[in-house]
Amino acid sequence: MSRNQPLLDIHNITKLYSVGGWLSRNKIAAVADVSLSMLAEEPEILTLAGESGSGKTTLARMVLRLVEPTLGRILYKGRDITSIRTRKEQIEFMQDIQPIFQNPFEAFNPLKKLESYLFETAKNYDSRENGSIEDRIESALNLVGLSMREIRGRYPHELSGGQLQRVSVARALIASPSLLVADEPVSMIDASLRMSIVNLFKDLKDRHNVSIIYITHDLATAYYISDRIAIMQRGHIVEIGPVKKVLAEPFHPYTRLLRESILEPNSETAWDEEITLSTIETKEFARQGCKFANRCDSRLPICEETEPPLSFVDGREVKCWLYGVQGKHDTAS
Amino acid sequence: MSVLRIQNLQAYYQSTLYGVTRNVKAVDGVSLDLRANEIYGIAGESSCGKTSLIKVVFGAIKPPLTIIGGRVLYQINDRDFDITQTNDETLRQMRWKQVSYILQGSMSLLNPVRRVRKTFWDFTKAHEPVIEPEKFEATTREHLNRLGLPAEVLDSYPHQLSGGMKQRVAIALATIFQPKVILADEPTTALDVVVQRGVLQLLRRIQQETKNTLVIVTHDMGIHANIADRVGIMYAGRIVEEGTVKHIFSEPRHPYTKHLIQSLPKIGDKSKRQSIPGAPPNLADPPAGCRFHPRCPYAKPICSVQTPELSPIQDERRVACFLLTKENAHVS
Amino acid sequence: MGKSFLTYVIQRIAQCLLVVIIGITITFLIPRFSPTDPVEAVVNRAMMMGQFSHPDAVEMMKDALTKLYGLDGTLGQQYVRFWRGLLSGDLGPSLSSFPKPVMSLIRGSLPWTGALLLTTAIIAWVTGNMLGALAGYYADKRWSHVLSIIAMSLHPIPYYIMAFVLLVLLAYVIPVFPLGGAVAIGLKPGFNWIYISSILRHAFLPALSLVLVGIGGWFVGMRALVTNIVSEDYVTYAEYAGVPNRTIMYQYVMKNALLPQITGLAMQLGLIFNGALITEYVFNYPGLGYLAYSAIFAGDYSLIMGVAVFSIIGVSLAVLLVDLAYPLFDPRVKHQ
Amino acid sequence: MRGFLRVVADLYRSDPRCRFAFTAISIVIMFALMSFVSPQDPGSSYYAPPNQPPSVAHPFGTNSRGQDMFWFLTFAVRNSLVFGVITAILSRIIAISIGLIAGYKGGIIDRIMMVINDSFVVLPVLPLLILINFIIREQMSILQLAMVIAAFGWAWDARLIRSQVLSLKEREFTYTSVFSGTKTSSILISEHLPFVMPIVLSTTINNLLWAIGMEVTLAVLGLSNIGIPTIGTTIYWANQHQALISGVWWWIAAPVAISVLLFVALYLLVVGLGAYLDPRTRLQRMKGVLSDERA
Amino acid sequence: ASEPVTDLDVAPGVPRHETLILENPEGRIADPGRFNRWAPGGGDSTGLQQLALDTLWYIDPDAGIDGPWNNSLAEAPPVYNEDYTQMTAKLREGIYWSDGVEFTADDVLFTVETLMANPTMEFGAQLQLNVEKVYKTDDYTVVFDLKQPNSRFHAIFTVRWSACFIMPKHIWETVEDPIAFDFNDPLVSVGPYVIKDYDPNGYWFLWERREDWERTSLGMQFGMPQPKYALYTAPGPSDKRVIAQSNHELDVIHDASPEGMITLLKRNPTSIGWFEGFPWAHPDPTLPSVFLNNEKYPLNMKDVRWALTLAMDIVNISMASTNGAATLSAIHLPPTGGYLEWYFDPIEDWLREYSIEVDGELFHPYDPTASLRVAEVARKQLGDQVPTDVTEIKKSLGYGWWKHDPDVAEKLLLRNGFTRDRRGKWLLPNGDPWKISILCDAQARPLMARIATMIAEQWTKFGIDAQAEASELSIIDTRVRYGDYEVSIGWCIETWGGHPDLFWFLESWHSDYYRPSGEPAVNKNPMRFRNEELDGIIEAIKARDFDDPECIGLGIEYLKICVENMPIIPIMAYNVFSVCDEYYWEGFPTAKNPYTNPVANWANTKYMFPMIRPKQQK
Ligand SMILES: Nc1ncnc2c1ncn2[C@@H]1O[C@H](COP(=O)(O)OP(=O)(O)OP(=O)(O)O)[C@@H](O)[C@H]1O
Ligand SMILES: Nc1ncnc2c1ncn2[C@@H]1O[C@H](COP(=O)(O)OP(=O)(O)OP(=O)(O)O)[C@@H](O)[C@H]1O
Ligand SMILES: [Mg+2]
Ligand SMILES: [Mg+2]
């Protein structure tokens with residue numbers, strides 16, 4: 001791996017799904033022309049946030065090779081991941097990129113003992129550090145604040161959600177990956193447990209040089225841990241940039257809406273305006289122009305017809321005509 | 001004016017399997033007083049018994065959930081009744097007309113192979129057996145309209161609706177008859193914040209319009225902070241603190257509540273947050289005394305022996321902590 | 001209608017065709033390895049009647065018959081000849097009822113078992129599913145247990161016994177139904193009550209026996225499906241909302257559980273073309289089962305193939321149609 | 001094995017239906033095992049006075065061939081059980097492997113497998129069975145017949161299993177295993193198989209029933225090996241001696257009663273087992289078991 | 001007898017009391033509209049060959065109305081020339097086809113010529129091999145010039161249970177392809193009945209008496225056939241036949257099982273069998289036996305065949321197969337009709353004397369009391385129904401059989417080098433275990449399966465690993481014909497019953513007709529038995545006239561050769577449990593009044609029709 005090569009380089013990927021039944025058949029672009037890259041030199045936590053159904057999970061799955069992109073390429077350490085064929089290559093790939101799933105209760109088979117996942121992982125990936133299988137498991141568990149003593153002989157339902165989620169992280173860590181893809185890892189757990197996981201991520205990045213793609217609806221934790229954030233809406237990344245910038249001063253109208261909608265546990269932010277929600281997803285997916293146009297307060301005539309490009313503005317990229325070639329800066333607050 | 005009083009309610013998941021009776025003490029001595037025209041929030045860790053409490057309050061008591069003690073008294077239209085004692089038919093008549101319930105996980109509340117209109121029809125018909133189709137259509141549309149929902153959802157199948165829309169349809173379904181009490185269990189989990197906002201707005205508007213009582217259960221403190229009038233904090237099957245939303249957030253008293261509030265991250269603040277140490281208790285075998293004592297930094301010897309009562313410490317404020325009972329209110 | 005749907009349909013049809021070809025090929029081959037042989041069968045029969053006193057006469061007859069039946073040539077040639085015939089809609093002459101065309105034999109029998117099996121399959125399906133749904137939905141009720149036990153007790157009774165016990169009970173001990181046949185002797189077919197009532201009276205016992213044994217399978221399947229569905233949130237929710245149990249059972253539980261059963265029914269309907277051998281045997285009911293059965297013994301390849309072709313095409317068509325029509329029953333289904 | 005015994009013990013303790021089922025199945029198995037100590041060879045006849053109704057000396061009576069039905073049926077039940085179980089196991093193995101692999105692999109493998117599968121679905125079973133019966137000329141042994149019937153009895157169930165696996169493979173725990181580097185084969189066996197177990201179990205009963213039914217059908221038509229006592233050949237001989245109408249009802253009633261008992265028991269067992277294996281109900285139960293164990 | 005409760009119509013306009021309902025044992029006829037009896041595989045038991053077809057002569061298996069021989073379409077028995085190269089048949093005058101055309105020699109000529117031109121048609125090949133030329137000398141005289149001398153040529157036109165029937169020339173001559181022709185529209189009958197209606201699905205055939213029934217050979221000779229209608233039905237499995245007759249819906253059961261017979265006698269007081277009491281059944285002149293493939297090791301050894309015979313216990317076999325209601329035969333002829341008198345009585349003394357040498361001692365294998373022992377065992381079950389009178393027993397249950405003597409059997413084997421293994425199982429002289437599988441038809445002929453199973457049991461007890469191998473009739477026939485078997489149960493000895501001539505089946509035992517295993521044999525010698533002495537006997541019979549009394553003596557010699565060599569093991573007559581219901585009709589043939597055979601698929605059953613009488617007129 002040469003130093004100037006990105007860790008992960010996503011080139012214009014698109015994933016089309018056909019939806020609908022017999023007569024009402026549509027193609028939707030669950031992920032539409034998304035490009036992203038994560039640097040290899042310094043680990044970062046990249047948050048993917050955005051609407052439900054905007055393609056976050058699909059994007060993550062494509063990175064994980066669980067879903068094949070319809071168009072575009074994903075390079076991992078310079079190598080096209082679709083070219084991975086043999087089991088050996090797969091193992092190597094998976095050793096580097098590990099997932100953490102949303103629902104800790106779903107992430108483990110209720111019929112299997114937890115330790116079997118740990119042993120299985122340790123056995124299949126050769127250690128980069130030394131140590132016996134037992135040691136590697138133990139040290140991974142220690143990292144997440146657990147120990148083998150608490151896990152041994154237990155089934156998933158015997159642990160709390162928070163514990164399970166940690167086991168899930170520990171399992172991923174045994175492989176000592178460079179990149180963790182965490183799809184809503186904290187949405188099912190309460191505030192206090194949530195913090196323990198999120199702190200763990202932070203630690204991993206800071207102390208163990210693990211990059212993380214963190215998918216969440218919880219923008220407060222996103223702000224808390226991540227470096228960059230990408231906001232998705234109907235398959236597109238509509239805004240991407242350093243988390244401090246994007247959340248402090250969102251540009252894209254959707255990001256703004258998102259930012260406004262965040263419920264702060266202390267403030268008395270009363271929302272004054274009613275907001276419009278999409279009804280039938282597929283209709284919105286099928287829209288021409290900007291997918292957000294029908295719900296956007298600041299929509300321009302062009303928004304209805306042409307899809308805006310992704311433009312660099314103020315240290316971030318925004319996909320909105322307000323910042324595009326046409327009306328650069330006119331409405332920027 | 002209270003519409004619903006819960007008195008020392010105990011409800012366990014009882015199972016006698018393999019000859020051993022096991023009690024999961026999901027609700028263990030909860031007392032609450034809900035008033036007309038308020039939004040009451042219930043917060044707490046995962047699996048501390050929030051859903052169980054709501055189920056009992058709604059009278060949805062099916063084995064293995066069993067009432068061990070206590071009462072759930074409704075006072076609606078000058079009729080008093082204890083939901084733990086009513087028969088099925090009264091219960092059926094009362095539900096939806098007086099009390100309705102929005103279940104946790106509303107993604108799957110709608111029959112996947114039935115158009116939404118049919119579901120509305122079923123729910124309406126269940127309580128108004130002689131309704132004309134035209135009248136039904138008109139009232140339903142009006143209802144949706146009032147809630148700001150497009151009428152086209154009626155022709156859709158659930159899978160065609162986005163998550164937020166499904167949740168709102170569930171709310172619409174729960175409010176067709178404008179009940180006096182609405183019980184909402186995690187109405188927004190797994191929705192993005194924008195959609196969450198839409199849903200909460202809707203709930204709040206309904207509450208404001210009909211001046212009824214909305215009980216909202218969630219572990220998302222942000223929600224409570226924003227729409228509840230009063231909040232009850234649950235821990236391991238018990239309410240440990242109750243107060244107005246302002247008080248709870250600005251001045252949490254119970255050590256658990258304190259921790260909870262402190263651990264919440266905020267946008268614009270990247271300082272380190274600590275989570276509550278230790279693991280949540282096993283409700284099948286909860287710790288004796290105050291159930292929080294194993295994790296409590298302030299625990300005193302008495303805490304592991306005696307169970308603190310939920311006692312008022314100031315107006316609208318009740319706490320169950322030996323550190324804070326009236327006599328010791330100054331300790332903090 | 002999207003392009004991909006068309007592609008899907010075409011793919012699915014191609015798959016169905018492939019299945020038909022493989023199925024037909026297998027059924028073409030198997031009888032030819034069987035020791036039954038249409039020529040030997042005729043020779044045996046002629047011998048039984050004491051026709052021959054000289055082996056040469058036997059040889060002469062055999063040679064002539066082999067040519068007559070078109071059984072000369074290699075297996076490959078016969079196979080090609082068979083397909084050529086089939087594609088032009090000709091299944092050839094029956095070998096045991098030579099030279100009657102196989103088609104006309106099938107045409108004579110198919111309506112009887114077809115109608116009988118169609119009706120009973122549907123009745124059994126509806127009743128079985130209904131009872132299964134009831135038993136599954138009210139799983140804790142006492143009568144539900146009793147119902148399950150009864151259905152399960154009927155299920156393992158060998159069909160022959162079931163049919164015969166019904167026959168003895170209702171045609172002998174209490175002789176209310178005829179012993180057999182499809183219609184009273186000598187009645188001229190016509191659209192009149194006498195003829196129709198005779199058909200119904202004759203079909204009653206066969207139908208009853210088929211229904212009784214048919215219910216069990218659906219019952220068990222449905223019960224299992226329903227037990228899963230009753231714990232779905234939307235069922236609980238409807239219950240909480242006070243939606244009457246009947247509505248819940250039909251519209252929420254049964255309707256959803258029924259989906260996999262529909263494919264099952266399609267298969268059953270396809271099996272109509274197989275006839276119901278034991279039914280036909282016990283009740284002297286005319287149908288394809290017996291036809292195929294006697295064809296097997298006579299080594300009547302053409303007739304075996306004829307019945308098999310009907311059955312194979314019938315089943316695969318039924319399954320294909322259900323697959324394609326599935327979105328009509330279940331709006332969630334996506335074709336992939 | 002210990003796990004299996006534990007499941008049995010749990011079910012026995014927890015569920016009266018299962019208790020009945022275990023008892024009944026044990027009785028039937030015991031009954032079948034008694035064939036090994038039978039004083040009578042099933043091949044011999046006319047050692048007892050024929051046509052005796054059930055009595056103390058002959059609990060199931062004697063048939064027109066002068067055989068004691070009790071001892072004769074121990075063999076018949078044993079053979080039918082062995083036959084049914086072998087058929088069920090063999091066809092389960094095919095159904096499960098095809099179903100799991102096709103469902104999990106998807107794509108072209110799935111398509112090929114489903115074409116093969118559907119080809120078996122559409123074949124007219126009984127006629128082919130009779131023909132194959134003819135081809136395998138030596139009297140088909142129980143094992144051979146089981147293999148042939150098994151070859152026809154898997155396709156539908158494979159389809160069912162496949163449809164389940166289609167959704168299982170999208171479940172997160174599958175991905176967890178994939179990313180643990182687990183081999184596909186062990187994902188299928190240790191992750192997915194337990195989930196399709198309820199289906200496998202209920203199709204097993206149906207398959208068992210179908211197999212035994214097939215054997216009975218062949219026997220009634222006089223096409224099976226009449227020298228081997230089975231439930232089918234018992235009915236064959238009863239028919240040959242016109243037991244149904246000549247008043248020797250116990251000849252037919254005894255085997256039917258035993259199979260009814262067996263299948264009702266199996267059904268109840270599967271219902272109980274299904275509840276035990278259903279993730280939704282299992283969790284609660286297993287909690288009970290495990291906390292018991294640890295206590 | 002009880003009064004008929006109802007007199008429902010069998011069909012619209014067909015009163016029950018004017019109808020005789022008979023069983024068609026062939027079951028459902030796949031192509032019922034086809035009445036071409038001559039085409040390959042043509043249907044036969046639907047009433048067609050009994051009621052609508054006719055041929056020159058009939059021999060009754062029993063006594064016949066006026067003797068077993070009946071000149072049917074012929075006026076007199078066949079006349080041969082000196083060297084049996086020409087046969088002349090004189091036809092009856094005044095016989096008419098049902099469409100009013102007269103039956104003449106032209107019909108016979110046409111039939112013979114058509115069949116000869118089509119060797120796939122029944123008797124076609126056979127006629128081609130025999131007939132040089134056929135011609136008429138006048139309208140009622142047909143002459144056959146034969147290719148080689150054949151004293152039994154007339155058998156082709158003589159019904160035993162079927163034969164070569166005569167076609168109506170005026171119908172067939174217009175037909176292009178006689179094989180494809182259905183002979184349905186119109187079905188022109190030369191018998192006393194015409195088809196009235198039939199089930200398009202093949203389950204029943206309804207016949208109606210011809211107005212001009214007296215212009216048929218039957219009517220002309222024996223008067224009006226009594227039933228106005230005859231219905232041939234396929235009632236289904238044997239249990240149903242019993243039910244149907246109990247409901248009085250089936251007058252003549254072709255064949256019930258012994259148990260069915262007993263049940264019927266209990267349930268239905270009007271049901272009667274051939275014998276008034278035990279064993280009820282009609283013994284067909286056919287001899288079910290144990291075929292031994294004389295070419296398969298070790299069955300090629302005479303001692304082995306005898307050992308197998310002595311290892312059989314006939315009492316048990318009789319009980320297992322027919323509840324004791326079997327008519328036993330120790331020798332190679334069926335113990336029925338006139339055969340008792342012609343062959344069984346004369347050979348009895350020789351049998352008693354017959355001995356085989358075993359270990360230097362003479363052993364008398366014949367057991368003259370076998371049938372008495374059967375009667376005794378049967379009496380335990382059936383009580384008084386079983387006769388006690390010795391002559392009656394002999395007539396109905398047969399004479400004697402071979403002793404059950406495993407010890408002698410053992411000695412026979414030991415002296416041929418057989419040994420027993422530790423478990424007492426026999427090993428062949430070459431050391432291999434001895435396995436025998438007995439081929440039998442469990443489906444169409446359950447009686448055979450019952451016999452086979454019992455024999456297997458006895459041989460197993462004797463130490464041979466024997467089992468019954470059930471298969472299907474057509475497969476068994478083929479396998480047996482090709483010699484692809486060791487042991488099978490079937491019959492290859494068939495006789496006229498009413499005539500002592502044996503040539504009919506014996507012809508194919510001649511070594512000229514022998515085909516080794518692997519090649520198809522003519523089915524009467526499936527055991528592949530060859531014997532020079534026997535060849536001489538067969539030739540001697542052939543050289544004699546059909547009715548020559550010397551033939552009986554030659555036949556007895558044949559029997560002795562068979563006893564000596566035991567090429568197949570004879571068992572019993574094919575007892576057919578034909579049951580008639582005397583509810584609507586009486587006067588069915590019985591052992592007391594044996595004017596014909598009641599077994600419904602025999603063409604000879606036509607003689608029943610003028611003889612029975614309606615029981616009640618309503
Ligand atoms: N297998 C599939 N077939 C068809 N459509 C799919 C499939 N998977 C996802 N989709 C659709 O693609 C879109 C994007 O889905 P995805 O799960 O990636 O969204 P998401 O951003 O993760 O949403 P959420 O926040 O709800 O998890 C949605 O509209 C979804 O319905
Ligand atoms: N059917 C049941 N049988 C036994 N125990 C149960 C059952 N349902 C819930 N429990 C247990 O009761 C306790 C309380 O559950 P409950 O669902 O009320 O928690 P909750 O506060 O709503 O949690 P969450 O935030 O996860 O929704 C938990 O320990 C749970 O495991
Ligand atoms: Mg997602
Ligand atoms: Mg909850």
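Keep in mind that what you see is a predicted model, and the values were worked out from it rather than measured. Chain naming here is simple, since letters A, B, ... match the order of the sequence lines and numbering starts at 1 in each. In what follows, every heavy atom counts, from backbone to side chain, and hydrogens, waters and symmetry copies are set aside.
Considering D/T230, D/I226, D/L223, D/I231 as possible partners of D/Y236, the one that fulfils the side-chain contact (heavy atoms from CB on, under 4.5 Å) test is D/I226. With respect to E/F577, the side-chain contact (heavy atoms from CB on, under 4.5 Å) criterion is satisfied by exactly one of E/L447, E/D255, E/I262: E/D255.
Across D/S64, D/P49, D/P50, the residue that shares the most heavy-atom pairs under 4.5 angstrom with chain E is D/P50. When the candidates E/L264, E/T460, E/T263 are compared by the number of heavy-atom contacts under 4.5 Å with chain D, E/T263 comes out ahead.
Within the 4.5 angstrom heavy-atom criterion, atoms from both the backbone and the side chain of D/I245 approach chain E. For E/T453, the part lying under 4.5 angstrom from a heavy atom of chain D is the side chain only. Looking at D/D41, there are no atoms closer than 4.5 Å to chain E (heavy atoms on both sides), in backbone or side chain. When heavy atoms are compared at a cutoff of 4.5 Å, E/R450 approaches chain D by way of both its backbone and its side chain. For E/K461, the part lying under 4.5 angstrom from a heavy atom of chain D is the side chain only.
A salt bridge links E/R479 to E/E469: one of the charged nitrogens lies within less than 4.0 Å of a carboxylate oxygen.
The backbone N or O of E/F278 sits nowhere less than 3.5 Å from a side-chain atom of E/Q385 that would complete a donor-acceptor pair. When atom types are taken as modelled, the side chain of E/D251 and the backbone of E/I21 share a donor-acceptor pair closer than 3.5 angstrom.
Aromatic ring orientation, E/Y583 versus E/H248: parallel (interplanar angle below 30°, classes split at 30° and 60°).
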